[in-house]
Colleague: 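Structure in structure tokens, see below.
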Amino acid sequence: MKRRNFIKQTIATSTLTSLGGLGLDVLTSPSVKKVTILHTNDVHSHIDPFGPNDGRNANKGGVARRASLIAAIRKENPNTLLLDAGDIFQGTPYFNYYGGELEFKLMSMLKYDAATIGNHDFDNGIEGLYKQLPHAKFEFLSANYDFKNTILNGHVSPYQIFTLDGMKIGVFGLGIELVGLVDKRMFKETVYLDPIEITQDMTRLLKDDKKCDLIICLSHLGYEYKNFPKKVSDLTIAKRTKDIDLIIGGHTHTFLPKPTIEKNSENKTVLVNQVGAYGLYLGKIDFYLEYGKGPTSQSTTILV
Amino acid sequence: MQRFIFCFICLALFSCNRHYYTSKIEGKRLEINYSVEADSTINAFIRPYRNHIDASLDNVLSYAPETYSKKDGDLNTAIGNLMADAVYAESNPIFNKRYSKNIDFVLLNHGGIRSIISMGTVTKRTAFEVMPFENAVVVVALKGSQIHKMIEYLSVAKRAHPISKQLQITFNDSYKPLSVTLKGEAISNQKTYYVATNDYLYNGGDKMDFFKSNEGVFILDYKIRSVLIDHFKKTDTLQAKIDQRFIRKQVN
């Protein structure tokens with residue numbers, strides 16, 4: 001809660017800055033600012049590191065280690081956002097025994113800023129998710145799940161704008177189609193809306209109306225469906241929409257060694273990233289923003 | 001004079017629609033491993049939760065002579081075969097006792113295998129990792145014609161959905177069915193078969209819609225995870241193998 005207040009306060013002060021002291025601000029502050037986006041996905045209740053005898057991921061992962069790493073990065077750059085692309089729940093007995101309480105409490109201690117909702121976050125039913133919300137001191141974002149006729153109505157926002165040192169970062173969430181994937185008795189009256197249409201609405205709002213400097217899509221759609229090319233994936237969203245800078249994905253447990261660089265519908269660059277699953281990796285994307293009449297994103301240097 | 005220049009610069013700044021633009025992006029992933037020191041506050045917070053769970057889960061039940069993964073195998077995997085055969089072996093006595101009928105075969109879903117079984121000791125925790133969900137066994141009565149729909153589904157899915165050893169499915173290289181037999185006999189359209197699966201799939205999970213037109217459903221109230229725990233308790237050393245039950249065969 002304290003953190004949210006802090007962000008709101010930043011919004012207020014930065015508005016003043018941009019109205020009153022803009023010219024001076026530009027002249028006195030360094031011209032390049034760095035925004036760091038940290039991200040996880042499909043952690044699936046993997047709170048402890050894998051044991052030394054695990055056949056695939058021995059001694060990797062663990063929330064306590066992730067906490068140290070995140071704290072060090074935040075210390076280096078306070079302009080950091082920490083995001084999760086869903087499927088927080090289900091995968092270890094921590095979830096079976098405590099229903100997600102510990103996952104949310106730890107994410108709050110790590111100061112996550114926002115998460116989107118994965119299909120497994122409905123595993124104890126929509127009531128099971130609702131029941132754990134008081135333990136989460138971060139936002140849940142989903143633009144294409146309509147929760148109007150459910151218990152989650154009013155508890156999930158389509159997007160949120162974070163203001164970091166005067167820079168506006170718009171983050172919106174996307175979820176996967178639930179029919180055929182999650183038991184209807186679990187997701188109840190949640191309505192899935194077309195992610196491409198919703199993304200077009202979101203980017204129009206965040207770019208044109210809200211004047212965001214960066215737009216991030218937090219997605220649980222899945223990276224790519226090679227056998228089912230019509231199924232909407234992160235790569236589909238990247239190619240068929242515009243104005244997104246970064247898509248942070250999940251669901252397919254895709255271990256990308258580095259972010260994928262795609263061209264959007266306007267032939268501009270968009271990054272797509274996903275860090276597999278189980279908290280084995282932390283994704284880190286640094287955006288260097290300059291204030292000025294600058295070039296288009298086509299001339300942006302990308303080091304991956 | 002200086003003041004004049006300052007104002008001029010300010011004007012110039014406002015007049016040309018300035019905004020933040022991205023000049024550089026750097027992206028990498030950071031591995032979380034032993035080189036990162038754990039945060040002691042977080043560890044202390046987790047400890048009481050961990051102790052409670054460990055006390056309940058770490059009794060050794062069985063032994064795995066090798067690591068089994070659902071990624072090892074084309075249309076059947078050692079771990080999938082183990083699960084499907086365990087569901088048959090553990091559920092049929094219950095089904096038979098309650099309804100005086102027998103399960104014909106088991107169908108589960110590849111996505112429902114949530115973890116590998118690592119080589120070494122097998123505990124209750126292993127069962128939680130492989131089957132963290134609360135899904136339970138149901139037996140669905142299906143006409144042979146629906147079994148053929150199931151085969152069509154598997155032909156499109158092209159995945160190693162686990163089946164128990166009573167069923168034998170052979171596809172050609174492009175996943176078209178060559179033969180389907182149950183205990184060596186062809187599937188008859190009119191006959192009713194008893195297929196054990198889990199309630200997730202019965203309710204349309206993974207789009208297994210062939211379960212919808214059924215002749216009845218029997219709810220055993222027996223969790224898949226409990227099936228695994230019971231199976232592990234009875235098995236000193238796991239004997240999971242990739243075999244010939246569901247294969248692709250090259251035809252010339």
Side-chain angles (χ1 to χ4, degrees), chain A residues 23 26 32 47-48 53-56 59-69 71 90-98 102 106 109 123 167 180-181 183 213 227 245 257-259 271 273 275 279-295 297 300-304, chain B residues 6 9-11 13-14 16-34 36-43 45-46 49-50 52-53 56-57 66-69 114-121 124-125 128-129 132-134 158 199-200 203-207 209 225:
Chain A
V26 171
V32 182
I47 287 163
D48 293 327
N53 300 319
D54 187 84
R56 294 282 150 97
N59 297 316
K60 285 194 199 168
V63 175
R65 288 170 178 166
R66 197 184 337 141
S68 306
L69 193 58
Q90 192 73 273
T92 69
Y94 283 111
F95 179 70
N96 305 93
Y97 280 69
Y98 298 106
L102 187 58
L106 290 170
M109 290 171 83
D123 277 5
M167 299 167 287
L181 188 62
D183 203 319
D213 301 303
N227 291 339
D245 294 284
K258 57 183 190 177
L271 262 62
N273 204 21
V275 289
L280 298 172
Y281 295 91
L282 179 69
K284 179 173 184 275
I285 314 279
D286 292 319
F287 287 92
Y288 292 83
L289 270 63
E290 287 189 42
Y291 194 77
K293 205 189 166 183
S297 60
T300 306
T301 312
I302 301 175
L303 304 170
V304 291
Chain B
F6 178 70
I9 291 169
C10 282
L11 271 175
L13 289 177
F14 277 113
C16 52
N17 186 26
R18 296 170 69 95
H19 58 96
Y20 283 107
Y21 66 92
T22 306
S23 59
K24 190 170 81 168
I25 307 170
E26 280 181 283
K28 56 181 159 192
R29 65 174 187 182
L30 308 169
E31 192 179 82
I32 313 286
N33 57 32
Y34 57 86
V36 187
E37 202 182 331
D39 182 300
S40 56
T41 314
I42 298 287
N43 258 343
F45 189 82
I46 298 168
Y49 293 86
R50 185 190 294 134
H52 173 74
I53 293 172
S56 141
L57 290 184
E66 52 191 307
T67 295
Y68 304 118
S69 164
R114 301 306 293 186
S115 159
I116 58 171
I117 295 177
S118 291
M119 187 175 84
T121 54
K124 200 170 165 186
R125 183 186 298 281
F128 267 92
E129 287 166 353
F133 311 151
E134 305 301 322
K158 305 179 177 64
D199 51 357
Y200 167 74
N203 286 305
D206 271 1
K207 303 201 169 140
D209 295 336
R225 185 170 55 242

Colleague: Taking only residues two or more places apart in sequence, or in another chain, which ones meet A:Phe95 in a ring pair (Phe, Tyr, Trp, His ring centres under 6.0 Å)?
Modeller: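 So A:Phe95 forms a ring pair (Phe, Tyr, Trp, His ring centres under 6.0 Å) with A:Phe89.
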Colleague: Write down the atom of B:Thr22, the atom of A:Thr300, and the distance for their closest heavy-atom approach.
Modeller: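 Between these two residues, the closest heavy atoms are O-OG1, 3.0 Å.
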Colleague: Does any backbone or side-chain atom of B:Asn43 lie under 4.5 Å from a heavy atom of chain A? Answer side chain, backbone, both or neither.
Modeller: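 Contact with chain A: backbone and side chain both.
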Colleague: Which atoms form the tightest heavy-atom contact between A:Arg65 and B:Tyr34, and what is the distance?
Modeller: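 The answer is NH2-CA, 3.6 Å.
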Colleague: Do A:Glu290 and B:Ser23 have a side chain donor and acceptor closer than 3.5 Å?
Modeller: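 Note: A:Glu290 and B:Ser23 side chains meet the donor-acceptor criterion.
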Colleague: Side chain from CB out, backbone as N, CA, C, O: work out which of these in B:Ile116 comes under 4.5 Å of a heavy atom of chain A, or both, or neither.
Modeller: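 Side chain only.
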Colleague: Using non-hydrogen atoms and a 4.5 Å limit, figure out which bit of B:Ile117 sits close to chain A: side chain, backbone, both or neither.
Modeller: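 Neither part.
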Colleague: Can you name the closest pair of heavy atoms from B:Ser118 and A:Gly55 and give their distance?
Modeller: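 Between these two residues, the closest heavy atoms are OG-N, 2.9 Å.
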Colleague: Indicate the ring-plane relationship of A:Tyr98 and B:Tyr49, choosing parallel, tilted or perpendicular according to the 30° and 60° boundaries.
Modeller: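 Plane angle over 60°, so perpendicular.
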Colleague: How far apart are the closest heavy atoms of B:Ile42 and A:Ala64, and which atoms are they?
Modeller: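 What the structure gives for the nearest pair is CG2-CA, 3.7 Å.
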Colleague: Holding to salt bridge (charged side-chain N to carboxylate O under 4.0 Å, His left out), I want the full list of residues that pass it with B:Asp199, two or more places apart in sequence or in another chain.
Modeller: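 Partners of B:Asp199 by the salt bridge (charged side-chain N to carboxylate O under 4.0 Å, His left out) criterion come out as none, since no residue qualifies.
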Colleague: To check you understand the geometry: which heavy-atom pair defines the closest contact between A:Leu106 and B:Phe45, and what is its length?
Modeller: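 Heavy atoms only, the tightest pair is CD2-CD2, 3.8 Å.
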Colleague: Could you report the tightest heavy-atom contact between B:Ala38 and A:Ser68, atom names first, then the distance?
Modeller: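 Taking every non-hydrogen atom into account, C-OG, 3.5 Å.
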Colleague: Calculate, to the nearest 0.5 Å, the distance between atoms CG and OH belonging to B:Leu57 and A:Tyr97 respectively.
Modeller: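 Result: 4.0 Å between the selected atoms.
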Colleague: Under 4.5 Å heavy-atom distance to chain B, tell me which part of A:Asn53 shows up: side chain, backbone, both or neither.
Modeller: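 It is the backbone, since no side chain atom gets that close.
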Colleague: Which bit of A:Pro93 comes within less than 4.5 Å of chain B, counting heavy atoms only: side chain, backbone, both or neither?
Modeller: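 Both backbone and side chain.
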Colleague: Name the option with the most non-hydrogen atom pairs under 4.5 Å to chain A; the candidates are B:Glu37, B:Lys124, B:Arg50, B:Glu134.
Modeller: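 Highest number of pairs under 4.5 Å: B:Arg50.
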Colleague: Please look at B:Ser69 and chain A and tell me whether the side chain, the backbone, both or neither of the residue comes under 4.5 angstrom of a heavy atom of that chain.
Modeller: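 For B:Ser69, the contact with chain A is made by the side chain alone.
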Colleague: For B:Ile32, which of A:Asn59, A:Val275, A:Leu280, A:Leu69 qualifies under side chain to side chain contact (heavy atoms under 4.5 Å, CB included)?
Modeller: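 By the side chain to side chain contact (heavy atoms under 4.5 Å, CB included) criterion, B:Ile32 pairs with just one of A:Asn59, A:Val275, A:Leu280, A:Leu69: A:Leu69.
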